[in-house]
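A, B, ... follow the sequence lines: proteins, then strands. Residue 1 opens every chain.
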Amino acid sequence: MEYDFRNIEANWRKKWARDESYKVTEDPNKKKFYVLDMFPYPSGAGLHVGHPLGYIASDIYARYMRHKGFNVLHPMGYDSFGLPAEQYAILTGQHPAKTTEQNIERYREQLDKIGFSYDWSREVRTSSPEYYKWTQWIFGLLFNAWYDLDSNKTRPISELIEKFEENGSYGVNAHMDEEWWKTYLLEADHIFSPYFEGEFTDTDWKSMSEAQKEALLMNYRVSYLADSVVNWCPALGTVLANDEIKDGVSERGGHAVEQKKMRQWSMRISAYSERLISDLDTIDWPENIKEIQRNWIGKSSGARVRFQAEKEVTIEVFTTRPDTLCGVSFLTLAPEHESVEVLTTAEQRDAVMDYVANAKLKTERDRMAEKKISGVFTGSFALHPLTGEQVPIWIGDYVLAGYGTGAVMAVPAGDQRDYDFAKHFNLEIKNIFAESDLSEKAETSKDATLANSDFLNGMNYHTAFDAVCERLVELSAGEKRVNYRLRDAVFSRQRYWGEPFPIYYENGIPRLIDTEELPTQLPDVDAYLPTESGEPPLARAKNWDRNGMPMECNTMPGWAGSSWYFLRYMDPNNHSVFASEERIKYWGQVDLYMGGAEHATGHLLYSRFWTKVLFDLGYIPFNEPFKKMINQGMILGRSSFVYRIKDSNTFITFERRKEFETQRLYADISLVDNDKLNIEAFKNWLPEYANAEFMLNENGEYTCGWEVEKMSKSKYNVQTPDELVEKFGADTLRCYEMFLGPVEQSKPWDTKGISGVHNFLRRFHRLFLANETFSVSSEEATAAEMRVVHKTIKKITEDLERFSWNTVVSAFMIATNELTDLKCNKRAALEPLVIMLSPYAPHLAEELWKNLGHSTSVMNESWPVAENKFLEDDNFEYPVSFNGKTRFFLSLPVGISAADVEAQVMAHESTVKYLEGKTPKKIIVVPKRIVNVVM
RNA sequence: GCCCGGAUGGUGGAAUCGGUAGACACGCAGGACUUAAAAUCCUGUGGCCAUUGCGGUCGUGUGGGUUCAAGUCCCACUCCGGGUACCA
């Protein structure tokens with residue numbers, strides 16, 4: 001009886017589906033464990049072998065935890081809104097819902113073949129109205145919320161309105177744009193004087209019109225409408241988030257991106273910067289992901305310093321080096337800085353206007369590409385707050401409008417860019433360091449001793465920082481300040497295939513649609529393109545209004561639906577809430593999250609943000625979504641090459657390719673086995689190769705060359721899991737993907753080794769056979785056999801606990817080899833192994849379990865426990881080394897003392913030989929480890 | 001530039017707490033079975049020297065250090081991968 005994996009796997013797949021074997025229900029008597037995979041975007045290309053890597057690892061862990069007695073939530077779904085389906089729709093006119101549906105079907109088919117233990121009754125799709133109803137509801141929560149800096153919490157907007165009613169803005173400490181009142185003054189019909197700087201009384205509030213109140217509140221809301229400079233991609237006709245741009249072009253398609261001011265929905269994620277950084281310490285994530293997030297949020301501690309300029313203008317700068325304040329020799333403003341106009345003198349006007357206009361034309365990408373130093377003098381000066389000196393004010397495009405205050409104090413002595421700027425324009429370079437040579441470059445060390453700096457002389461960064469800040473406060477010229485790089489996230493997309501906003505406009509005032517009326521369904525359109533006038537596709541929809549009032553035409557970005565999906569799995573069919581309180585309380589945080597590291601600054605940041613909002617507002621009892629995360633590495637392809645002799649149809653084997661001038665061509669990896677080309681199959685592959693001739697190696701074979709590259713159709717190196725399941729079975733594929741190496745490591749896919757793993761499963765299967773039929777002995781297992789079993793239990797359990805999936809497979813192989821050598825086919829030894837194998841090879845394990853006479857599924861069996869009595873050995877084989885070199889082995893009873901071990905070693909005949917007549921200086925005995933004789 | 005990873009046989013990798021480097025598997029070589037091939041099974045397999053056998057010696061990117069003992073810890077460097085950037 002051979003290992004008939006095709007029948008075994010097909011039968012069990014059917015049975016699992018029929019019995020809904022993987023359905024989980026909330027059981028208060030059992031401890032929960034939540035294992036989650038990052039859900040996929042269902043693309044048209046389907047899965048290749050790289051996709052299931054993480055899914056297999058998490059599935060094994062989920063099954064392991066089930067054996068350990070946990071109630072395991074292990075769901076799967078689809079992140080089904082997205083650009084590719086929309087672009088396909090633009091090309092073909094087919095509704096994106098339809099292609100999405102087809103792709104999902106294909107994904108499901110592929111996933112099912114691999115034997116995952118997903119509870120499919122909990123499947124979610126971000127594009128289904130039942131799901132996005134709650135995405136819209138959460139948007140509403142954020143719209144009706146503000147961020148209170150006093151309690152450091154998100155709070156309902158109604159509380160803010162109450163405060164306004166009572167005391168106006170006084171006593172309100174909200175997170176908002178510091179200069180919000182400037183934009184507010186530009187809004188229509190405000191009631192404030194030109195001296196309004198943000199504070200207003202309850203009387204002011206009460207006297208405001210509805211529209212004025214709403215416009216004011218917009219500055220407080222966590223999700224708000226504002227004019228923002230956005231990354232506009234004309235080719236895609238949409239706005240992109242920073243993390244959707246790579247190297248200055250769109251991540252998808254590689255199109256040019258430009259800066260444009262647009263009225264957009266934004267999310268006040270910047271309010272959460274500090275918590276997003278500090279809470280990283282509370283979660284068990286890979287250190288590199290935490291580091292990427294820390295860098296992305298970009299906390300920097302420094303000071304704000306105000307310089308009094310002419311014409312009543314104050315220039316405020318942010319610096320991380322207030323200690324170098326006395327080295328300021330000029331100020332630099334971003335070309336977009338609001339004071340540029342006022343400060344420019346008549347003589348400089350032409351030059352400045354020219355420079356500013358030029359900067360505007362350049363996209364951020366151009367500015368970056370151009371490493372040239374450029375700038376222009378405004379003609380104005382500002383007063384240095386400490387020295388009282390006149391400091392020239394310059395404009396330079398190395399200063400970014402969007403970071404800090406859009407202005408810097410330039411200290412050429414202490415900052416390389418300021419130094420370069422000063423050199424270029426021949427500006428003063430004041431040496432404020434005692435021992436630094438500034439002839440070549442700036443002094444950037446924080447340990448350098450300050451000089452020419454008045455009361456700071458002799459100090460360095462560490463000692464001067466507080467001293468300067470104190471003085472600035474005394475002079476009212478500045479104060480300590482923490483700055484974050486993280487900016488608010490633009491939430492509007494000019495796309496069709498996304499969640500519509502539950503927003504309509506009443507006389508221009510945005511109004512939220514009530515929860516009872518959600519979902520706001522995505523309307524049908526005649527084409528998936530922007531309108532003639534440049535409005536988003538939804539503007540094409542008929543009746544896209546609410547009682548005549550226009551609906552919002554933007555849709556939400558891809559990260560909206562994925563920011564909270566882990567909560568919906570807990571209660572996917574609930575029609576009255578996004579997930580019930582009891583279920584959220586029961587399932588809690590995701591205990592193990594498996595997915596790619598590429599979402600570090602996108603999905604993983606946004607879902608942490610939304611989780612904090614939901615936590616603050618009391619909807620969930622935890623403020624981090626994913627307790628532990630593991631990133632699976634990328635699986636690369638291994639392309640195969642053949643070498644055609646130039647201007648011929650003759651192919652020469654890899655070994656001899658240098659004998660001729662050759663052209664390297666791709667060969668489909670399905671035509672190659674262990675780098676040997678299947679010549680007949682190759683000839684039949686493409687018509688142009690039908691009459692090909694071959695020059696072979698000395699063994700009469702054609703060897704191919706190879707290279708590791710990304711998997712892609714054009715490289716003929718895509719390996720689908722389906723082919724391997726067909727050839728070797730799902731159990732083999734699962735074990736092999738794990739056997740490849742540590743999950744978190746990127747590695748090339750190589751099918752070479754799969755036969756070894758397949759062989760192992762066959763050998764394991766053979767342990768249960770006698771005379772080619774299933775037969776196990778009920779005899780008591782020998783000590784040697786039990787030792788193998790319990791050693792394996794111990795090893796596998798420890799390895800799974802530390803997420804070392806690959807070494808578990810090795811341990812299984814070793815156990816199988818040893819039991820084969822012992823000719824063991826005893827039930828007592830084999831049953832625990834079947835249970836342990838079931839997370840890795842669930843089909844085979846179920847089959848063997850059934851054949852062992854069990855009527856229940858192996859997946860519910862408890863995990864075996866390693867018993868020490870089987871592991872203890874009377875003797876330990878000591879490696880005896882001399883000066884660290886192992887020379888011989890000595891088997892000694894484990895119980896004896898170190899002194900006895902030493903005596904036995906010294907008495908050994910070989911010891912004399914290796915001592916070479918010398919007297920040992922010292923003898924190190926580590927019990928049950930090693931003996932080292934030092935001479 | 002800065003930050004974070006990594007480098008172990010022909011290949012993927014193992015070595016969990018500083019304690020026998022190379023587990024397990026692939027590949028390769030030899031053998032058994034076979035008319036032959038496939039499949040299967042057995043043996044060998046880090047380099048060099050020696051080889052009848054015992055063995056010796058070098059060896060975890062490079063150079064140094066700590067230690068009885070270093071792939072593992074420390075210092076300096078080289079190369080590779082990832083993140084990020086006129087971020088003040």
Side-chain angles (χ1 to χ4, degrees), chain A residues 2 286-296 298-300 302 317-321 324 332 334 364 367-368 370-371 373-374 396-400 402-411 414-418 420-421 444 483-487 597-598 600-601 631 633-634 638 674-675 706 735-736 739-742 744-757 759-760 762-763 795 798-799 801-802 804 806-817 877-889 920-926 928-935:
Chain A
E2 260 304 299
E287 204 43 53
N288 67 316
I289 300 283
K290 290 191 186 185
E291 203 54 35
I292 291 170
Q293 291 208 347
R294 282 190 200 107
N295 290 341
W296 188 258
K299 180 177 182 172
S300 48
V317 301
F318 172 74
T319 176
T320 53
R321 295 294 302 275
T324 63
T332 315
E364 198 141 303
R367 276 205 214 176
M368 270 196 295
E370 224 178 277
K371 290 272 181 220
I373 296 164
S374 71
D397 67 3
Y398 76 95
V399 179
L400 303 177
Y403 183 77
T405 59
V408 299
M409 59 178 224
V411 183
D415 181 285
Q416 193 57 46
R417 279 161 321 181
D418 296 343
D420 294 340
F421 196 86
T444 51
N483 214 40
Y484 298 92
R485 196 181 80 104
L486 185 68
R487 269 164 273 160
E598 66 274 17
T601 54
N631 298 122
M634 200 171 37
R638 191 177 185 277
N674 286 333
D675 293 334
W706 57 272
C735 292
Y736 185 57
F739 187 65
L740 232 36
E744 54 279 64
Q745 221 165 78
S746 281
K747 55 222 150 192
W749 177 262
D750 191 342
T751 314
K752 256 199 321 210
I754 199 167
S755 62
V757 174
N759 225 348
F760 143 65
R762 281 170 50 186
R763 281 164 64 89
K795 169 77 176 153
E798 283 171 3
D799 284 359
E801 289 294 333
R802 65 188 175 99
S804 176
N806 54 328
T807 51
V808 171
V809 183
S810 305
F812 275 128
M813 288 173 170
I814 293 168
T816 306
N817 292 346
E877 179 108 329
Y878 277 95
V880 181
S881 56
F882 291 79
N883 283 345
K885 277 181 188 152
T886 308
R887 294 302 186 179
F888 64 90
F889 294 91
K921 284 199 198 108
K922 199 168 163 192
I923 299 171
I924 311 277
V925 176
V926 184
K928 289 176 82 176
R929 268 271 152 81
I930 200 168
V931 176
N932 190 16
V933 181
V934 188
M935 301 188 290

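- In this entry the base of G61(B) is anti relative to its sugar, with a glycosidic angle more than 90° from 0.
- Separation of the C1' atoms belonging to A25(B) and G19(B) is 27 Å when rounded to the nearest angstrom.
- Contact check, R762(A) against A39(B): no side-chain N or O comes under 4.0 Å of OP1 or OP2.
- On the C1' atoms, A7(B) is 14 Å away from U72(B), given to the nearest whole Å.
- Look at K747(A) and you won't find any side-chain N or O under 4.0 angstrom from OP1 or OP2 of G12(B).
- If you check every strand for non-hydrogen atoms under 4.0 Å, N806(A) touches sugar and phosphate atoms only.
- Regarding contacts with the backbone of U57(B), a side-chain N or O of R887(A) is found under 4.0 angstrom from either OP1 or OP2.
- Looking at the side chain of K795(A), the nearest of the listed nucleotides U16(B), C26(B), U20(B) is U16(B).
- Nearest to the side-chain atoms of F739(A) among the listed nucleotides G19(B), G12(B), A88(B) stands G12(B).
- Note on L740(A): only backbone sugar-phosphate atoms sit closer than 4.0 angstrom, heavy atoms only; bases stay farther off.
- The nearest pair of heavy atoms linking S300(A) to T320(A) is CB-CG2, 3.9 Å.
- Residues K922(A) and T886(A) each lie close to RNA chain B; by heavy-atom proximity, the contact nearer the 5' end of the strand is made by T886(A).
- C17(B) adopts a syn glycosidic conformation, its chi angle falling within 90° of 0.
- Taking atom CD of E287(A) as the reference point, atom C1' of G83(B) lies 14 Å away to the nearest angstrom.
- Ring geometry for Y736(A) versus W749(A): interplanar angle over 60°, hence perpendicular rather than tilted (30 to 60°).
- One cannot find a donor-acceptor pair under 3.5 Å joining the base of U57(B) and the side-chain atoms of K885(A).
- N288(A) comes within 4.0 angstrom of sugar-phosphate atoms only, judged by non-hydrogen atoms across all strands, and of no base.
- Nucleic acid contact class of N817(A) (heavy atoms, under 4.0 Å, all strands): sugar-phosphate only.
- Of the C1' atoms belonging to G46(B) and G27(B), the separation is 15 Å, rounded to the nearest Å.
- Using a 4.0 Å heavy-atom criterion, one finds that P742(A) contacts the sugar-phosphate atoms exclusively.
- Residue V408(A) is in base contact, counting any heavy-atom pair closer than 4.0 Å across all strands shown.
- Between Y398(A) and F421(A), the ring-plane angle classifies as tilted under the 30° and 60° cut-offs.
- Environment of CZ in R887(A): crowded, with over 12 heavy atoms of neighbouring residues, nucleotides or ligands closer than 6.0 Å.
- If you check every strand for non-hydrogen atoms under 4.0 Å, Q416(A) touches nothing.
- Taking atom CD1 of I930(A) as the reference point, atom P of C68(B) lies 14 Å away to the nearest angstrom.
- Salt-bridge check for K928(A) with E877(A): failed, with every basic side-chain N at 4.0 Å or more from each acidic carboxylate O.
- Comparing G61(B) with U8(B), their P atoms sit 6 Å apart, to the nearest whole Å.
- The residue F760(A) sits apart from the nucleic acid: no heavy atom pair falls under 4.0 Å.
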Secondary structure string for RNA chain B (Watson-Crick or G-U under 3.5 angstrom, | for other-strand pairs): (((((((..(((......[....)))((((((.......))))))((((.....))))..(((((..]....))))))))))))....

